[in-house]
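Down below is the structure, laid out as structure tokens.
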Amino acid sequence: MKELEKLYDPAQVEDRTYADWVEKGYFHTQVDRSKKPYSIVMPPPNVTGQLHMGHAMDETWQDILIRYKRMQGYAALWVPGTDHASIATEAKVVAKMKEEGLTKEDLGRDGFLERAWAWKEQYGGRIVSQLKKLGCSCDWERERFTMDEGCSKAVLKVFQQLYDKGLIYRGSRMVNWCPHCRTSISDAEVEYAEKEGSFWHLLYPVKETGEMLELATTRPETMLGDTAVAINPDDPRYAHLHGCHVILPLLNKELPIVCDEHADMEKGTGVVKITPAHDPNDFEVGKRHDLPMVRVLTYDGRMTGAADKAEADELRASDRASADEPEVLDCGKYAGMTAQEARKSILADLEAGGYLKETEPLTHEVGTCYRCHTVIEPMVSKQWFVKMEPLAGPAIEAVRSGRIKFVPERFDKHYYHWMENTRDWCISRQLWWGHRIPAFYCDACGKVHVSAEPLTTCPDCGAPVHQDEDTLDTWFSSALWPFSTLGWPEKTEDLDYFYPTNTLVTGYDIITFWVSRMIFSALEYTDNIPFDTVLIHGLVRDAQGRKMSKSLGNGIDPLEIIRDYGADALRLTLVLGSTPGNDMRFSDEKVKASRNFANKLWNAARFVLMNLPEGFEAGLPAELDLSDRWVLSQLNSLCRSVGDNLEKFELGLAAQKVQDFIWDVYCDWFIEIAKLRLNSGDEQHADNARKVLVWVLDKALKLLHPFMPFITEEIYRALPGSGESIMITRWPEADPALDFAADEADFAKLMDYIKAVRTVRADMNVHPAKKTSMIIATADPEPFRRGQVYLAKFAFATDVTVVDKYEGDTAGMVQVVTHAARGFIPMMELIDREKELARLNKEKALAEKEIEQFGRQLANEGFVSKAPAKVVDDIRQKLARAQDKLANVEQSLAALG
RNA sequence: GGGCGGUUAGCUCAGCUGGUAGAGCACCUGCUUGACGUGCAGGGGGUCAGGGAUUCGAGUUCCUUACCGCCCACCA
């Protein structure tokens, strides 16, 4: 028999075991019509990213589900892969180039992409190898990348389809512009942050009346781009100004005063300056009143100048599709300043001219880029959009009808809210790393052709075409992930069999980015849902409850935890005490506790193995004793409830129950009891004990395997009669033939009694080495007779006499009382009569309290008539037990005199 | 301004469809019990944030208040 070390050493086990699993091909899953499919697609981590705790939890939960389903006999497929993460990756590559003094422009598109791919090759494997460290049983033969050939094909196909259906369009719209990343981003990618700012009250003279119109703004630098001033049509204060004009200070430009609901009478002075090119609301106002748009900021956040104006004018003149492009202003003395510099300068000039009335401090929410946290600049810009309204309806319905279920349910509200209010999705990015937009512009006729197949000449006039420079939002390709990874748009067998996938596991922070987009995409392109359940988890926070972040430097590296404690300990920590949708804290203490459990299990296994003789044959013995029946019955309940919890995605509860069983039931009771038979000298009894020990351990390992794959495999393989791997064994189901309710109840009486003796002895400071004889008086002697051997060991008895009734001498006897029995233990020299009285009286009070409580409940007419019979019966039994206990205590008290 | 979550033992958190409050850690007391001191046995500690309602019965359902946190929203 294999000798196990005293301490479990994960480092010695994990890599070797993982390599073996891969080699044996256990992770690979194929279409198998004789099985039911179960599939998960992994939320693709950024290809150049590194594993963090959030991933670790996400992947652990998925692996638990996949391993569980695989053992249940499903064709369980877990598709892994990575995301090209356009902005994040491009930013990294650009930063690296900067160190070498290079810019994107220096290299050109092709040169840059060459570098980006090289970067991907260099770092792309990192996250994958980290996933392997965690023990993820993904099908690596199917690993995908959002920019691989198949995914790219799906992207182009979808783009063309949507365009042909009129669901993708190009136009000049207000978009969120990140001056740092130099690209547009979608609404979902904007994060709002509270910023200290000011509220500047400006004065614009009215041309017709000469009065000064006061208005307030948080962004004075955009005033050069004002093209109107708005008042509320119903505002009596300004009724006389309808149809009038103001003179824009500094530029001396005449602007109309327009009436618009947007001007809120309650706010400020009720007058708003309108800058359609730099404010989303103003953009809408501008459209309603057909106002010109004047752009005063460049795409890198500086004030526009003569050159910018010339360039824009040329573009407007040449490109027919750009009729809705804004004008560009030559900001003159302000040209080239950053927005901040311009603000200072313009304010100074306004003040000098008497146009600045006052400055009021103000904190307000400012949009920032979710990647770099630069304040985003609302800009009118020509971009590609997905029309959301036609797509949102079915997507909402899919959840509302229950075809797709969020776990926990409450997240469907988030989802509805976002879906119902979402605006058109800006999908073009001014980046090079990503899927290039398949739109081609004819250099001669100016026509736009969208084509999944590359075009070189215009299908209409035959002139050369040039392709759109922009790429697609990363999330556009990840939205297709559940089906693009299975071969769509081809009609593959994989798609037919594994799709729709079953469970999507992800954090609540990307429901809007990703989950919602997968849902409407799947419904639109595959005419099916992408998955039936979305299992949501929360954030992993640090021990103080703070979000782990780079800037705080409080991130905990999962790989370090794996190195120090093992992957199994990390995994268990990430499920124990977790609840779907709720954040959890990660701490060293928790990992240590998990590590300790691994060690506990390891040693239990070590004990079992060292007791197995050569030629041992596994299997249940023909004869089961009381403790066997008890442990098997408990195991049955465990199988039932763990399966139940897993089906309901209550991973934390499931793990907790398995752990409790192994530690409390198996180790602390069953192994200890089994030692009696192992050492009894009766080979038949010893063999029976071994068989049950191995049998139960085997089942427990299987139940634990999804949570702690490595250690369970290592132990499993050491068990006699085991197969080649635990991960391909059958998930344990409860066996009704092994339910022994009556024996469980009997055993519980013994346990009660043993605990009572232990408590009394601990209370009296009796050394374990001191043993005594013992008389047990009970109305139901059977269990105590059956359990005499156990009592000898655990109740420290030299010999046990079981009687119906004991009426002998009680002097010098310690009396132990449970509801089922009274024990008499001669310990003359240790007895303090007063203490005994106090102890027994305390027991008496407890019993009386219970009797009072249960009695009151049963005396309640309403309870007896309305509560379910089982509950009433339960209470009756509890009352009876309390009464028995009271009777026993009273007898003992009487005996004490 | 809406929406959501949290508030349970000193700390971290479980507690499913309502039926005498649980775990881990910490703390206290014992134990060199040949699997394990990363352990064993025992113990103390909670009016389940406050108020109200429904119910025979509420940590668990409903309303409400307070505090903490998150998400969403175009306050110029």
CD1 of A/Ile662 versus C1' of B/rA23: gap in Å, rounded? 16 Å

Is a salt bridge present between A/Glu672 and A/Lys675, judged by a nitrogen-to-oxygen distance below 4.0 Å? yes

So which nucleotide from B/rA73, B/rC25, B/rA76 ends up closest to the side chain of A/Glu365? B/rA73

Once you round it to whole Å, what is the distance between P of B/rC16 and CG of A/Asn645? 11 Å

By nearest atom, which of the nucleotides B/rU32, B/rU20, B/rG30 is closest to the A/Phe854 side chain? B/rU20

Any side-chain N or O of A/Lys657 below 4.0 angstrom from OP1/OP2 of B/rA14? no

Need the pair for B/rU61. Rule: Watson-Crick or G-U wobble, both distances under 3.5 Å, any strand; none if unpaired. B/rA53

Would you call A/Glu843-A/Lys885 a salt bridge at under 4.0 Å N-O? yes

If we call it a pair only when both distances are under 3.5 Å in a Watson-Crick or G-U wobble match, what pairs with B/rG39? B/rC31

What I want to check is whether an N or O donor and acceptor connect the side chain of A/Lys600 with the base of B/rC36 at under 3.5 Å. yes

When you measure from the side-chain N and O atoms of A/Asn582 to the phosphate of B/rC13, is any distance below 4.0 Å, counting only OP1 and OP2? no

Gap between atoms CG and P, on A/Asp664 and B/rA23 respectively (whole Å): 9 Å

Pairing partner of B/rC11 (Watson-Crick or G-U wobble, both distances under 3.5 Å): B/rG24

Can you identify which nucleotide, out of B/rC4, B/rU38, B/rA14, has its nearest atom closest to the A/Thr579 side chain? B/rA14

A/Asp187 CG to B/rA73 C1', in whole Å, measures 12 Å

A/Glu409 atom CD, neighbour heavy-atom count above 12 within 6.0 Å: no

Base of B/rU12, side chain of A/Arg585 - is there a donor-acceptor contact under 3.5 Å? no

Output the single nucleotide from B/rG19, B/rA35, B/rU38 whose closest atom is nearest the side chain of A/Asn599. B/rU38

Between A/Ser578 and A/Gln857, whichever has its closest RNA chain B nucleotide further toward 5' is A/Ser578

Would you tell me if any nitrogen or oxygen in the side chain of A/Trp663 comes within less than 4.0 Å of OP1 or OP2 on B/rC40? yes

So for A/Glu672 and B/rA35, does any side-chain atom that can act as donor or acceptor lie under 3.5 Å from a complementary atom in the base? yes

Crowded around A/Arg758 CZ? As in, over 12 foreign heavy atoms under 6.0 Å? yes

Which one, B/rA35, B/rA76, B/rG19, comes nearest to the side chain of A/Pro868? B/rG19

Provide, to the nearest angstrom, the distance between the CD1 atom belonging to A/Ile754 and the C1' atom belonging to B/rG42. 15 Å

Ignoring the backbone of A/Lys6, work out which of B/rG37, B/rG5, B/rA41 is nearest its side chain. B/rG37

Should A/Lys273 be listed as having a side-chain N or O under 4.0 Å from OP1 or OP2 of B/rA76? no

Regarding the side chain of A/Cys667, the nearest nucleotide among B/rG19, B/rU38, B/rA35 is B/rA35

Under a 3.5 Å cut-off for both distances, is B/rC4 Watson-Crick or wobble paired, and to whom? B/rG69

For B/rG42, does either OP1 or OP2 sit under 4.0 Å from a side-chain N or O belonging to A/Arg758? yes

Would you say B/rC74 has OP1 or OP2 under 4.0 Å from some side-chain N or O of A/Tyr192? yes

Which of these nucleotides, B/rC16, B/rC4, B/rA76, is closest to any side-chain atom of A/His414? B/rC4

Determine: side-chain N/O of A/His417 to OP1/OP2 of B/rC4, distance under 4.0 Å, yes or no. no

Where the side chain of A/Asn765 is concerned, which of B/rG19, B/rG30, B/rC40 is the nearest nucleotide? B/rG30

Name the closest nucleotide to the A/Lys755 side chain, picking from B/rG19, B/rG15, B/rG42. B/rG42

Side-chain N,O (A/His767) to OP1/OP2 (B/rA41) below 4.0 Å: no

What is the distance, to the nearest angstrom, from the CG atom on A/Leu846 to the P atom on B/rG44? 10 Å

Strand partner of B/rG44, provided both Watson-Crick or wobble distances fall under 3.5 Å: none

Heavy atoms only, 4.0 Å cut-off, all strands: where does A/Asp264 land among base, sugar-phosphate and nothing? base

So A/Thr573 and A/Ser594, side-chain hydrogen bond (donor to acceptor under 3.5 Å, both in side chains) or not? Walk me through it. CA-CA 6 Å; A/Thr573 305; A/Ser594 301; 2.8 Å; yes

Quick one: does NZ or CZ of A/Arg690 land under 6.0 Å from the six-membered ring centre of A/Phe616, within 45 degrees of the ring axis? no

OP1, OP2 of B/rA35 versus side-chain N and O of A/Lys675: anything below 4.0 Å? yes

Without hydrogens or angle criteria, can the side chains of A/Thr818 and A/Lys755 be said to hold a donor-acceptor pair below 3.5 Å? no

Suppose you measure atom C1' in B/rU61 against the same atom in B/rG46; what distance do you get, rounded to whole Å? 23 Å

A/Phe411 CZ to B/rG6 P, straight-line distance once rounded to whole Å: 10 Å

